[in-house]
Amino acid sequence: MGKSWTPDSWKILPAEQQPDWEKSEAYSKVISEISGYPPLVFAGEVRALKQQLGDAAQGNGFLIQGGDCAETFDDFRADSIRDKLKILLQMSVVLTYGASCNVVKLGRIAGQFAKPRSANTETRDGIELPSYRGDAVNDINFNEDSRKQNPKRLLRTYNQSAATLNLLRAFTTGGFADLNKVHVWNQEFIAQSPQGKRYEEIANSIDDALIFMKAVGINSDNTSALKLAEFFTSHEALLLGYEHALTRQDSLTGKWYNCSAHFLWIGDRTRQPNGAHVEFLSGVDNPIGIKVGPTINEEELITLCEKLNPENEWGKLTLISRMGADTVRSKLPPLIKTIKESGQKVLWVCDPMHGNTYKTDNGYKTRHFDTILEELEHFFAIHRAEETIPGGVHFELTGDNVTECLGGAREISDSDLNSRYETACDPRLNNEQSLELAFLVTDLLRNGR
Ligand code: PEP
Ligand code: CO
């Protein structure tokens, strides 16, 4: 945080990717309303996450961050929230068991409603309309009315985030995430697959361990660690007015927290070192992520680290590399070297999704499982060569059995994409592909030790 930071200091700086609604009366009214709403997360939880991310950065833990590219107002059902939690719990059990390390569970959920776009408009059949910018801003349907920005959508964003978080808290603290429930998370569809069967073997071993522990007096009633209740939320801090409205000063410490989520990240398109996003997030005490794409250079990265983690604290800063399977080999090593030489304390995470998106001949935006895996393999190998720590993964995934990414054990092909292509933005791994990747990441992690 610069000396001159205030919760408002971002306002005089250029902010990319903002809807053009700053001056509207409706927008001001919405923002002032949200400013009075209760916080969604609490400072103590944010500090707990930061501690765990710091541990992961030093090799004592591993981060799984995952969820939708974009949450939507339409897909707002208990089942779909529960299934996203289930797959993240399954993945974390696979990693915890296979690689013997604590897994930090961080959802892209309960606030992931705003999207940066490469183009301001979209043209279909000669008709040009504003791009879809996430349900927080406008509607995805391709007609003039739907694509109009509407600040009232921010109220729904807040309310849906609150309800989603409420359900996640109920599930996790209410015992759904308890290790004794490992079998319950194996959904029918996956249970029949090779991954599901492999998962079931781990679940059986965990059962045996739990029976043994119970016999010697250790159970979830007296040992809270078995409840696996800690689940955290994150989203891209894109719409600065909304994020600002939910930023509050902690009465205990006097520090500022963005209470819209535990963890916020700055996207690859809004990480200008002198821009409003970096300024705003430089003053909050939450752990912060930066998407590190192929256009960044070493100098820029160091400036970002110094601005966003001025006290060089463990757990404060996560660098989310999203280079693409080809580019990662040339772009990532010099960045890792620079960080290492500078002594900056960061957690390195791999997002193998965003650098590997392309359009198929039949017009679907997709990613191939093999390419995703390839970027992960390079990421781990590069860290091994540099003797640095690969501390986590960042996936776009869903608990549903969608067909959006190609490949995986069921070999989803171009012609399968139309059967369940449901994403509002980027293609997500389905439940089976996600679990398969969890096994593969476990192997990469184990081989690296
Ligand atoms: C995203 O995570 O959905 C995203 C837009 O990523 P990036 O900023 O890395 O392109
Ligand atoms: Co995305």
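Both backbone and side-chain heavy atoms feed into the values below; hydrogens, waters and symmetry mates do not. Counting starts at 1 for both ligands and their atoms, following the listed order.
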Cut-off 3.5 Å, side chains only: do [X] and [Y] have a donor facing an acceptor?
| X | Y | result |
| --- | --- | --- |
| Asp8 | Thr6 | no |
| Asn286 | His262 | no |
| Tyr199 | Gln195 | no |

Just the distances, no angles: every ligand 1 N or O to protein N or O pair closer than 3.5 Å, one line each.
{"residue": "ligand 1", "atom": "2 (O)", "partner": "Arg108", "partner atom": "NH1", "Å": "2.9"}
{"residue": "ligand 1", "atom": "2 (O)", "partner": "Arg108", "partner atom": "NH2", "Å": "3.4"}
{"residue": "ligand 1", "atom": "2 (O)", "partner": "Lys291", "partner atom": "NZ", "Å": "2.7"}
{"residue": "ligand 1", "atom": "2 (O)", "partner": "His354", "partner atom": "NE2", "Å": "3.4"}
{"residue": "ligand 1", "atom": "3 (O)", "partner": "Arg108", "partner atom": "NH2", "Å": "2.9"}
{"residue": "ligand 1", "atom": "3 (O)", "partner": "Lys115", "partner atom": "NZ", "Å": "2.7"}
{"residue": "ligand 1", "atom": "3 (O)", "partner": "His354", "partner atom": "NE2", "Å": "3.0"}
{"residue": "ligand 1", "atom": "3 (O)", "partner": "Glu396", "partner atom": "OE2", "Å": "3.1"}
{"residue": "ligand 1", "atom": "6 (O)", "partner": "Lys291", "partner atom": "NZ", "Å": "2.9"}
{"residue": "ligand 1", "atom": "8 (O)", "partner": "Asp268", "partner atom": "N", "Å": "2.8"}
{"residue": "ligand 1", "atom": "9 (O)", "partner": "Lys291", "partner atom": "NZ", "Å": "2.9"}
{"residue": "ligand 1", "atom": "9 (O)", "partner": "Arg322", "partner atom": "NE", "Å": "2.6"}
{"residue": "ligand 1", "atom": "10 (O)", "partner": "Arg269", "partner atom": "NH1", "Å": "3.0"}
{"residue": "ligand 1", "atom": "10 (O)", "partner": "Arg322", "partner atom": "NH2", "Å": "2.8"}

Next item on the list: Would you mind listing every salt bridge (charged side-chain N to carboxylate O under 4.0 Å, His left out) that reaches into residues 334-356, with sequence neighbours excluded?
Entry: Lys291-Asp351, Lys337-Glu386, Lys340-Glu386
Item checked: Residue pairs passing the salt bridge (charged side-chain N to carboxylate O under 4.0 Å, His left out) test where at least one lies in residues 57-70, sequence neighbours excluded -> Asp68-Lys84, Asp68-Arg428
Next item on the list: Please state whether the separation between the Co ion (ligand 2) and some N/O/S atom of Cys425 is under 2.8 Å?
Entry: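 Under 2.8 Å: Cys425 has no N, O or S contact with the Co ion (ligand 2).
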Next item on the list: Please name all residues satisfying salt bridge (charged side-chain N to carboxylate O under 4.0 Å, His left out) with Asp79, sequence neighbours left out, ordered by chain then number.
Entry: Arg82
Notebook entry, point to check: Closest N/O/S atom of Asp426 to the Co ion (ligand 2), by atom name?
Noted result: OD2
Note to self: If I consider every N, O or S atom in Glu396, which one ends up closest to the Co ion (ligand 2)? I only need its name.
What the structure shows: OE2
Next item on the list: Please work out whether the ring planes of Phe171 and Phe176 are parallel, tilted or perpendicular, with thresholds of 30° and 60°.
Entry: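 Tilted.
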Note to self: Using ring centroids (six-membered ring only for Trp), state whether Phe263 and Phe232 fall under 6.0 Å.
What the structure shows: no
Margin query: Please report, to 10°, the angle around the Co ion (ligand 2) from atom SG (Cys69) across to atom NE2 (His354).
Written below: 170°
